[in-house]
Amino acid sequence: MKIAVCAKQIPDPAIAVSYEGGAISRPEEQVLDDTDRYGIEVALQLKEKFDAEVIVLSMGKLGTQKGIQQALQMGADKALVIEDDSLVNANSLMTSNVLSSMAKSAEADVIIFGTESSDGYSGVVPQQVSRYLNLPCISYVKGIEINDDTILTRQTITGSEKVTMPDKCVISVTASGVEPRYPNFKDIMAAKSKPVEVISISSIELTAIQNQEFVEINSISSDKSGEKHIDEGNSFNLIIEKLKEIKAI
Amino acid sequence: MKSLIIGETSKGTLSQGTLEIAGKLQSEGLDFHLVVIGSEDNPKIGGDTFNATYLKINSEELTLSSVADNINKIIKENSINMILASSTYIGRDITGFLSVDLNSSPVSNVVNFTLSGDDVMTTNSIDGGESEYITKVTSDYKLLIIRPKSFEPAEILLNENYESINIESNELTTSVYDVFVEEKTGPQLDDSKIVISAGRGMVEVDNLKYINELALKLNAAIGGTRAIVDAGWMPYSQQVGQTGKTVKPDVYIACGISGATQHQVGMKDSKYIIAINKDEEAPIFQIADLGIVGDTLNIIPKLIENL
Ligand SMILES: Cc1cc2nc3c(=O)[nH]c(=O)nc-3n(C[C@H](O)[C@H](O)[C@H](O)COP(=O)(O)OP(=O)(O)OC[C@H]3O[C@@H](n4cnc5c(N)ncnc54)[C@H](O)[C@@H]3O)c2cc1C
């Protein structure tokens with residue numbers, strides 16, 4: 001079995017996202033999106049059971065490749081990466097087009113994602129990739145049990161449901177479904193010698209187009225000048241008074 | 001602009017998110033075709049002012065790719081050019097599929113939109129709601145995924161007059177089992193007038209008993225931050241924020257919540273925000289109408305006692 005797991009390098013999430021002409025500003029050093037750690041964990045659990053090969057697919061500014069290394073440190077076998085000027089500020093469909101093409105050339109049976117990236121959070125790339133590749137889409141997976149079959153638990157609006165994982169499919173994994181592993185020193189050293197292959201845009205048949213023009217960013221003056229009080233033991237009264245004042249009680 | 005809403009059922013009628021999109025289109029004076037996805041029998045989803053098609057799915061199958069095929073047909077037959085869905089699990093799946101068929105990338109997390117000739121201008125909320133990001137969608141097909149609570153719901157007298165299609169499975173259909181429906185009792189996050197949310201500043205999971213008691217006294221729904229959901233204090237269905245629910249109650253009481261932008265996105269439009277946090281500098285105070293700098297574990301028990 002071959003498993004492709006899509007992973008994105010993002011700016012340090014502790015710092016607020018900033019924009020340059022509508023595109024997210026990307027420093028040389030970006031990190032692995034935490035959201036993707038859940039997908040990688042699922043891929044690695046499948047690898048352990050079925051002796052699969054796990055290939056990281058990543059699109060975007062490469063920079064120092066710190067985030068790619070972090071994915072390999074967790075235990076993926078190799079990475080295919082792509083960076084091109086024409087893909088800066090790519091919309092979700094262009095991204096899916098590229099990732100689908102990479103998954104195909106990697107001959108992946110199962111393609112795993114987080115549900116949405118932390119910086120762009122369009123939240124539709126796994127679905128689009130499944131459609132491009134004509135594979136079943138098992139979205140919002142929040143649990144996995146691997147026995148002879150692999151049982152996936154999906155989050156739904158009313159609760160949850162289970163499906164048996166098809167041999168070939170696309171999966172998106174929600175945060176909190178599995179516990180992503182931490183690499184140890186040995187894993188970190190081992191990652192350095194794992195192959196990272198840079199794919200050329202010319203090998204990809206890009207049919208998706210840019211259909212979104214950035215117009216502007218406006219700051220919304222928040223006219224909220226709320227009151228703030230230091231509690232001296234009776235601020236509960238203040239809360240009750242306010243609740244009465246606004247007729248909430 | 002010929003519009004189509006991808007709607008969903010809830011308790012035998014249209015979901016809140018569907019009604020919100022219908023409300024926006026009505027207020028813009030735009031006609032729409034409504035397709036509704038659900039597994040219930042004979043829901044009330046039709047109306048006098050629009051055409052509705054019910055796409056009935058089998059709750060024991062995951063077959064949304066087949067649903068998307070049907071919707072694609074309806075789009076073509078009715079020369080639709082704008083397609084709108086609510087940002088739900090189903091809405092995102094279907095819009096994702098259709099975007100490939102129509103070769104048009106969707107705009108996600110839309111909180112507002114306006115028409116400008118043949119183009120659509122969409123608004124996204126960024127920086128925890130402190131800025132808005134405007135995009136012009138220029139393709140023939142425009143796909144918009146709308147964040148819940150962005151628009152006032154339409155007031156429509158709903159009936160049972162609509163076309164109904166039973167969705168057939170296809171080669172991508174997967175069977176589903178062990179369908180678990182979460183018990184929902186008491187006030188719900190989506191429509192409760194008061195929401196009380198807990199964060200890591202409740203210190204220990206046991207202290208959520210205070211949140212429960214307060215909620216009972218105020219007839220409020222209970223939410224939480226991702227930090228405490230990840231810690232297993234609360235189910236995911238109660239998470240408020242970017243990756244959870246969006247709420248817009250009359251009163252939101254944030255108890256021991258720092259107010260990260262990803263949390264704010266889900267609650268900043270509440271009418272009146274009360275925050276209790278021991279850190280005077282906590283970002284939640286920037287959006288609070290009433291901020292109390294103090295210990296949740298001192299203040300909340302007294303509040304309960306005196307209500
Ligand atoms: C991609 C992404 C998506 C995310 N989505 C969400 C989301 O949907 N929802 C969400 O909530 N978060 C989300 N987050 C996480 C978010 O960034 C914050 O980490 C989270 O909201 C913090 O939760 P918290 O306020 O409970 O915890 P903390 O940030 O740890 O804050 C705890 C607060 O409690 C206060 N406190 C501690 N003890 C006391 C006490 N005794 N009395 C009073 N106050 C006290 C502290 O001063 C502090 O301000 C997301 C993050 C990312 C990267």
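Below, read A as the first sequence line, B as the second, and so on, with proteins coming before strands; counting in each chain starts at 1.
By number of non-hydrogen pairs under 4.5 angstrom with chain B, the leading residue of A:Thr156, A:Leu152, A:Val17 is A:Thr156. Note: B:Asp93 leads B:Val181, B:Leu62, B:Leu303, B:Asp93 in heavy-atom pairs under 4.5 Å with chain A. Counting heavy-atom pairs closer than 4.5 Å to chain A, the top residue among B:Ile273, B:Thr173, B:Leu172, B:Ile300 is B:Leu172. Residue with the most contacts toward chain A among B:Met121, B:Gln242, B:Glu171, B:Lys193: B:Gln242 (heavy-atom pairs, distance under 4.5 Å). The candidate from A:Thr153, A:Leu135, A:Ile249 with the greatest count of non-hydrogen atom pairs under 4.5 Å with chain B is A:Leu135. Ranked by heavy-atom pairs under 4.5 Å with chain B, the list A:Thr115, A:Ile209, A:Val125, A:Thr164 is led by A:Thr164. Residue with the most contacts toward chain B among A:Ser118, A:Ser18, A:Ser122: A:Ser122 (heavy-atom pairs, distance under 4.5 Å). For the set A:Ser139, A:Cys169, A:Gly120, the count of heavy-atom pairs under 4.5 angstrom toward chain B peaks at A:Ser139. Chosen from B:Val176, B:Thr174, B:Val229, B:Val179, the residue pairing most often with chain A at heavy-atom distances under 4.5 Å is B:Val176. Note: A:Cys137 leads A:Pro166, A:Ser172, A:Ala175, A:Cys137 in heavy-atom pairs under 4.5 Å with chain B. Between chain A and the options B:Val137, B:Thr88, B:Val120, B:Asn124, the largest number of non-hydrogen pairs under 4.5 Å is found for B:Val137. Interface summary for chain A: among B:Gly294, B:Ser175, B:Ser99, the most heavy-atom pairs under 4.5 angstrom belong to B:Ser99.
The OG1 atom of B:Thr243 lies 6.0 Å from the CD atom of A:Glu116; values are rounded to the nearest 0.5 Å. Rounded to the nearest 0.5 Å, atoms CZ (A:Phe236) and CG (B:Asn298) are 11.5 Å apart. A distance of 10.0 Å separates CD1 in A:Ile239 from CG in B:Leu218, rounded to the nearest 0.5 Å. With rounding to the nearest 0.5 Å, the separation of OG in B:Ser131 from CD1 in A:Ile220 is 6.5 Å. Separation of atoms CD (A:Glu161) and OH (B:Tyr177) is listed at 11.0 Å; rounding is to 0.5 Å. Here the NZ-OH distance, from A:Lys142 to B:Tyr236, works out to 10.0 Å after rounding to the nearest 0.5 Å.
When heavy atoms are compared at a cutoff of 4.5 Å, B:Ile194 approaches chain A solely by way of its side chain, counted from C-beta outward. For B:Phe97, the parts sitting under 4.5 Å from any heavy atom of chain A are the backbone and the side chain alike. Neither the backbone nor the side chain of B:Ile90 comes within contact range of chain A; no heavy atoms are under 4.5 Å apart. Of the atoms belonging to B:Ala68, heavy atoms from both backbone and side chain fall under 4.5 Å from chain A. Of the atoms belonging to B:Thr138, heavy atoms from both backbone and side chain fall under 4.5 Å from chain A. Within the 4.5 angstrom heavy-atom criterion, atoms from both the backbone and the side chain of A:Ala248 approach chain B. Proximity to chain B involves both the backbone and the side chain of A:Ile230, based on heavy atoms less than 4.5 angstrom apart. In this structure, the portions of B:Asp69 lying under 4.5 Å from any heavy atom of chain A include both its backbone and its side chain. Only the side chain of B:Asn109 comes within contact range of chain A, judged by heavy atoms closer than 4.5 Å.
With contacts defined as side-chain heavy-atom distances shorter than 4.5 Å, the pair A:Leu243/B:Ile274 qualifies. The shortest side-chain heavy-atom distance between B:Asp250 and A:Ile246 does not fall under the 4.5 Å cut-off. In this structure, the side chains of B:Pro106 and A:Val124 come closer than 4.5 Å at one or more pairs of heavy atoms. In this structure, B:Leu290 and A:His229 have side chains that are in contact, with non-hydrogen atoms separated by less than 4.5 Å.
The number of heavy atoms from other shown groups lying within 6.0 Å of CG (B:Asn306) is above 12. Environment of NZ in B:Lys302: crowded, with over 12 heavy atoms of neighbouring residues, nucleotides or ligands closer than 6.0 Å. In B:Asp230, the CG atom is crowded: over 12 heavy atoms of neighbouring residues, nucleotides or ligands sit closer than 6.0 Å. For CG of A:Asp167, the number of neighbouring non-hydrogen atoms (other residues, nucleotides, ligands) closer than 6.0 Å is 12 at most. Atom CD of A:Glu216 has more than 12 heavy atoms from other residues, nucleotides or ligands within 6.0 Å. Open room surrounds CD on A:Glu232; 12 or fewer heavy atoms of other groups in view lie less than 6.0 Å from it.
Neither side chain, A:Gln212 nor B:Thr135, offers a donor N or O lying under 3.5 Å from an acceptor on the other.
For A:Asp231 (side chain) and B:Ile292 (main-chain N/O), no donor-acceptor pair under 3.5 Å exists by modelled atom type. The backbone N or O of B:Glu280 lies less than 3.5 Å from a partner atom in the side chain of A:Lys228, making a donor-acceptor pair.
At a heavy-atom cut-off of under 4.5 Å, chain B is reached by A:Asn89, A:Asn91, A:Ser92, A:Leu93 from residues 85-102 of chain A, listed in order of number.
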Would B:Tyr89 and A:Arg154 count as a side chain to side chain donor-acceptor pair (under 3.5 Å) if you check the C-alpha gap in whole Å, the side-chain angles of each, and the deciding distance to 0.1 Å? CA-CA 10 Å; B:Tyr89 300 119; A:Arg154 290 185 75 233; over 6 Å; no
